[in-house]
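First comes the structure, then the notes that go with it.
Atom set for the values below is all heavy atoms of this structure, side chains included, hydrogens, waters and symmetry mates excluded. All chains are named by letter (A, B, ...) in the order of the sequence lines, taking the proteins before the strands, and each is independently numbered beginning at 1.
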Amino acid sequence: MKKMHNYYETNIRAMEVDVFVLDFSYDVEERSPEIYIWGISREGERVVILEKEFRPYFYALLETDTDPETLATEIKGLSKPQSPITDVKLLEKKYYGEPVKTLRIQTIIPAYVRIYRDQVAKLKGIREVLEADIRFYMRYSIDSGVKPFHWLKAEVEEDELGGLRVKKCYKLKKILKIYEANPPIMRTMAFDIEVYNKYGFPDPKRDPIIVIGVWTAEGPRQFINLRGDDIEVIRDFVKFVVDYDPDIILGYNSNGFDWQYLTERASSRNLKVDVGRKVGSEPSQGTYGHFSIMGRLNVDLLGFAEGVEEVKVKSLDNIADYLGVVPKASRVNLEWYQIPEYWADPKKRDTVLKYNLDDARSTYLLKDVFLPFGEQLTIISGLPLDQLPMASVGYRVEWLLMREAYKFNELIPNRLERPHESYKGGLVIEPKPGIHENVVVLDFTSMYPSIMVKYNIGPDTLVRGECRDCWTAPEVGYKFRKSPDGFYRRILKVLLEERKAIKEKLKDVTDEYERRRLEERQKALKVMANAFYGYMGWLNARWYSKEGAEAVTAWGRETIRKAIEMASGMGFEIIYGDTDSIFVKGDLSKVGRLVEEITSRLDLEIKVDKKYKRIFFTENKKRYAGLTEENKIDIVGFEAIRGDWCELAKEAQRMVIETTLLKGVDEAVKKAKEIIMRIRRREFNLQELVIWKSLEKSLEEYEVDAPHVIAAKKAMSSGYVIMKGGKIGYVVVKGVGKVSDRVEPYFMVKDKNRIDVDYYVDKQIVPAVLRILEPFGIKESNLKGGGMDILSYFRDR
DNA sequence: AACTGTGGCGCAAAAG
DNA sequence: CTTTTGCGCCACAGTT
């Protein structure tokens with residue numbers, strides 16, 4: 001009777017659903033793990049699919065002379081009642097392409113994998129223990145093929161909702177299909193918090209939140225601390241998030257500040273930041289400082305902004321301004337140290353509120369710039385969108401590789417501690433100094449990935465000793481077997497071919513939405529493919545191969561040498577070259593033939609990247625400036641585009657470069673003299689003199705008292721916190737002694753007259769300008785002489 | 001004792 | 001990932 005009933009029920013409830021996968025998480029319920037697949041159904045409902053059957057496991061790689069049966073029994077003997085070893089199975093797998101015998105050891109609770117791993121590793125007859133360090137939800141995603149931002153068609157049964165803030169909860173019965181299609185509309189919310197910071201860097205135990213600003217498709221919302229107590233602010237904000245129910249929560253440095261502060265502040269006030277889709281779950285800090293929110297994607301856009309190299313100080317206002325999302329002129333601009341003063345003054349308080357909303361709005365609007373690319377990177381790498389911005393390039397590549405390894409029945413190597421070992425890199429050609437007319441830049445397309453594919457490079461294709469059918473790398477002599485395809489080649493081929501196909505398809509697509517999607521996919525594929533070489537030479541990489549990385553650069557050097565040889569053979573003059581490019585001058589009508597010749601003879605694609613009407617080089621490599629065919633001025637490598645020179649020096653150099661290219665050296669000298677005189681007359685803003693540097697280490701680690709380190713220490717002692725990786729802006733003031741003794745954080749200097757003008761002229765403007773003009777015979781005295789006016793002479797003494 | 005020149009080294013940031 | 005550049009500190013040697 002009971003059985004009949006169940007059968008009947010199952011038939012009624014079993015159904016098919018289509019769900020767009022947002023994220024994964026897992027929980028251990030009643031001593032067994034459950035995987036949550038959070039998503040949006042075809043009908044637009046927020047749903048979760050539970051997978052209760054999947055179990056954690058790892059592999060033990062056997063020595064050749066071991067008997068699997070005996071070892072399996074021995075391993076089973078390690079079983080603990082809290083999480084028994086449920087299965088030990090002998091499997092044929094591949095390790096670096098070689099067939100191997102492994103035991104697959106399965107348990108119940110994910111945390112026990114580590115415990116069993118350590119015990120199994122000590123047993124006799126075990127060569128290595130593998131795949132024990134893969135996160136459980138990741139393990140599931142790899143094995144099941146369920147990937148974020150893909151659709152999942154599945155047979156499910158409806159389940160109890162029990163404390164989940166979704167429309168439906170299903171139990172997974174069977175995966176029917178995983179496919180890519182247009183994503184549903186995702187509800188997106190941006191937020192930003194402002195904190196009382198009168199006593200320097202805010203402390204969550206002491207300083208209240210003064211306002212939380214929110215921006216959504218429906219516009220702004222604000223939670224303001226009116227009574228000096230922020231309990232209600234936090235409570236209202238949490239309620240708002242739960243009610244609005246966003247799929248994506250955007251912030252700017254929200255992993256580094258907002259979530260940290262909010263959770264600490266809340267816990268010190270006995271509140272819970274219960275904003276997840278599971279009741280009672282708080283944002284939890286996972287790997288690399290990222291905060292996970294159950295069922296939602298917590299995306300910190302700062303991670304994407306790091307990729308915008310043109311902007312040196314990656315503050316929200318700078319990034320939003322540069323990308324044209326919110327121009328600085330159209331928003332409230334406040335420095336962090338002005339907040340307490342403005343907040344305390346009833347007449348100025350409104351400015352703080354506007355400032356907060358401008359930040360929330362900027363964050364919200366930045367989504368259109370960053371998310372389409374992020375979506376594509378998620379689809380390709382399989383790394384959930386919320387982890388993507390924090391993950392380094394290496395980890396993005398590795399996620400893709402791990403998924404592919406599973407498909408190929410390859411074991412995933414362990415992460416190893418390796419000592420640093422350097423190897424030779426790309427070839428840089430000595431530039432021909434001076435001004436050149438009509439120079440063409442030829443670029444090998446995706447040189448390193450193409451070389452990896454062409455010569456089948458990788459740790460699994462490397463042959464030590466004799467080899468009949470191998471490619472041999474020049475200079476270093478490493479050999480790689482020609483067939484079958486190695487791990488890297490197989491994956492790279494797919495990426496490069498897909499990119500080619502997309503570029504082809506783009507020629508016919510007119511739909512704007514589809515064009516954008518393909519454009520971003522194409523970019524993401526390029527970024528991923530180009531990251532493979534760097535990944536292979538990354539000490540932390542699971543598929544590290546020094547020999548591989550060394551061979552890639554060696555073939556690269558050979559390729560560029562051959563290209564140069566062919567170009568000069570055709571009568572071209574080589575002006576410069578770096579790694580995968582050559583700058584040539586000569587009969588431009590023959591460039592097309594040169595391109596064809598190189599491409600066919602070297603079997604690597606080269607193309608015209610740029611044409612310069614006029615270009616100049618100094619004696620230095622990696623530095624030049626040119627006027628393109630489109631009358632744009634390109635500046636490469638010089639101070640003008642570096643983040644660690646003051647704006648004034650950069651502007652002066654930019655001016656000199658432009659004038660030199662367009663009007664000639666004499667005119668440029670005149671301009672430079674004018675600028676120097678202006679500074680001597682103190683006609684500048686303090687902002688233009690700030691020198692920004694990042695702190696690559698924590699302050700104690702520095703061995704020398706470099707100026708930026710001293711400036712950071714001064715900032716620290718006045719209450720400002722600068723962490724490792726942060727940026728410090730400083731100016732040089734008058735006084736005696738080393739530069740280090742005369743630096744001060746820019747926000748601590750209010751009086752323009754304290755500035756050491758001589759430093760800025762002699763160590764910033766003159767060197768920057770001379771870098772361009774010196775090759776033309778201009779000396780320091782030509783710039784400084786004859787321009788000193790009496791007035792400033794007296795004022796400076 | 002105070003200054004100047006030099007070369008090594010630490011450090012950051014660019015190109016590819 | 002390597003290559004390249006350049007500033008400033010630091011120690012040292014030689015000079016005034």
Side-chain angles (χ1 to χ4, degrees), chain A residues 309-310 312-313 392-394 397 418 420-431 441 443-449 451-452 457 526-527 530-541 544-554 556-557 559-560 576-583 609 617-625 634-646 649-650 653 691-697 699 701-712 724-728 730 732 736-743 759 762-764 766-768 770-771 774:
Chain A
E309 264 133 43
E310 295 85 344
K312 306 302 170 187
V313 179
S392 69
V393 181
V397 172
R418 299 185 176 89
H420 182 77
E421 40 180 0
S422 60
Y423 58 88
K424 261 180 113 178
L427 179 68
V428 190
I429 309 297
E430 203 70 52
V441 184
D443 233 43
F444 281 98
T445 35
S446 309
M447 186 199 241
Y448 283 176
I451 285 175
M452 285 175 79
I457 296 169
K526 185 184 178 170
V527 165
N530 283 340
F532 270 55
Y533 152 74
Y535 172 82
M536 188 165 63
W538 179 41
L539 290 172
N540 222 347
Y544 173 73
S545 172
K546 191 211 170 195
E547 294 85 350
E550 236 180 323
V552 170
T553 57
R557 291 191 297 274
T559 304
I560 208 79
Y576 177 64
D578 186 349
T579 311
D580 60 354
S581 69
I582 52 173
F583 292 52
D609 184 51
F617 286 89
T618 64
E619 272 162 11
N620 299 323
K621 295 168 171 178
K622 297 188 187 281
R623 301 191 146 196
Y624 56 88
D634 277 356
I635 302 176
V636 179
F638 285 117
E639 286 75 4
I641 54 158
R642 289 178 66 100
D644 53 352
W645 285 71
C646 76
K650 297 193 320 186
Q653 194 185 51
I691 297 162
W692 289 93
K693 276 219 164 81
S694 58
L695 286 140
E696 297 290 295
K697 318 178 187 183
L699 282 178
E701 287 175 79
Y702 283 97
E703 289 176 44
V704 225
D705 291 330
H708 70 294
V709 178
I710 302 297
K724 184 173 169 174
K727 278 216 153 66
I728 171 79
Y730 64 86
V732 180
V736 283
K738 297 175 293 186
V739 178
S740 289
D741 296 332
R742 295 184 284 122
V743 293
Y759 174 84
D762 294 340
K763 304 290 176 183
Q764 291 274 314
V766 169
L770 231 43
R771 203 92 60 217
E774 195 151 48

Ring pair (Phe, Tyr, Trp, His ring centres under 6.0 Å) against A:Trp692, all qualifying residues, sequence neighbours excluded =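 With sequence neighbours excluded, A:Trp692 shows a ring pair (Phe, Tyr, Trp, His ring centres under 6.0 Å) to A:Tyr746, given in chain and number order.
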All ring pair (Phe, Tyr, Trp, His ring centres under 6.0 Å) counterparts of A:Phe617, not counting sequence neighbours =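 Counting only residues at least two positions away or on another chain, A:Phe617 forms a ring pair (Phe, Tyr, Trp, His ring centres under 6.0 Å) with A:Tyr576, A:Phe583, A:Tyr624.
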Base, sugar-phosphate or nothing for [X]? Non-hydrogen atoms, less than 4.0 Å.
X	value
A:Ser740	sugar-phosphate
A:Phe444	nothing
A:Tyr535	nothing

Separation of [N] [atom2] from [X] [atom1] (nearest whole Å):
X	N	atom1	atom2	answer
A:His420	C:dC1	NE2	C1'	9 Å
A:Trp645	C:dT5	CH2	P	15 Å
A:Glu619	C:dT5	CD	C1'	14 Å
A:Gln653	C:dC7	CD	C1'	15 Å
A:Glu639	C:dG8	CD	P	12 Å
A:Ile710	C:dC7	CD1	C1'	15 Å

Results of salt bridge (charged side-chain N to carboxylate O under 4.0 Å, His left out) for [X] - residues two or more places apart only:
X	result
A:Asp741	none
A:Glu547	A:Arg464
A:Lys738	none
A:Lys650	A:Glu647

Quick test: give all pairs of protein nitrogen or oxygen and nucleotides 11-16 of chain C nitrogen or oxygen below 3.5 Å, distance rounded to 0.1 Å.
none

May I ask you to evaluate whether A:Asn620 reaches the phosphate of C:dG6, defined as a side-chain N or O under 4.0 Å from OP1 or OP2?
->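 Answer yes for this pair, as a side-chain N or O of A:Asn620 is under 4.0 Å from OP1 or OP2.
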Taking the side chain of A:Lys621 as heavy atoms from C-beta outward, which of C:dC9, C:dG6, C:dT5 is closest to it?
->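 Between C:dC9, C:dG6, C:dT5, the one nearest the side chain of A:Lys621 would be C:dT5.
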For A:Arg771, what residues pass the side chain to side chain contact (heavy atoms under 4.5 Å, CB included) criterion, not counting sequence neighbours?
->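 A:Arg771: side chain to side chain contact (heavy atoms under 4.5 Å, CB included) contacts with A:Arg623, A:Phe638, A:Glu639, A:Trp645, A:Gln653, A:Pro767.
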Sidechain N-carboxylate O distance under 4.0 Å for A:Asp578, A:Lys622 |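 Salt bridge present between A:Asp578 and A:Lys622.
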Report yes if the side chains of A:Lys424 and A:Arg557 come closer than 4.5 Å at any heavy-atom pair, otherwise no.
->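 Contact flag for A:Lys424/A:Arg557 side chains = yes.
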Take nucleotides 10-16 of chain B nucleotide by nucleotide from the 5' end and write B, S or -, depending on whether a protein heavy atom sits under 4.0 Å from the base, only from the sugar-phosphate, or from neither.
-> SSBBSBS
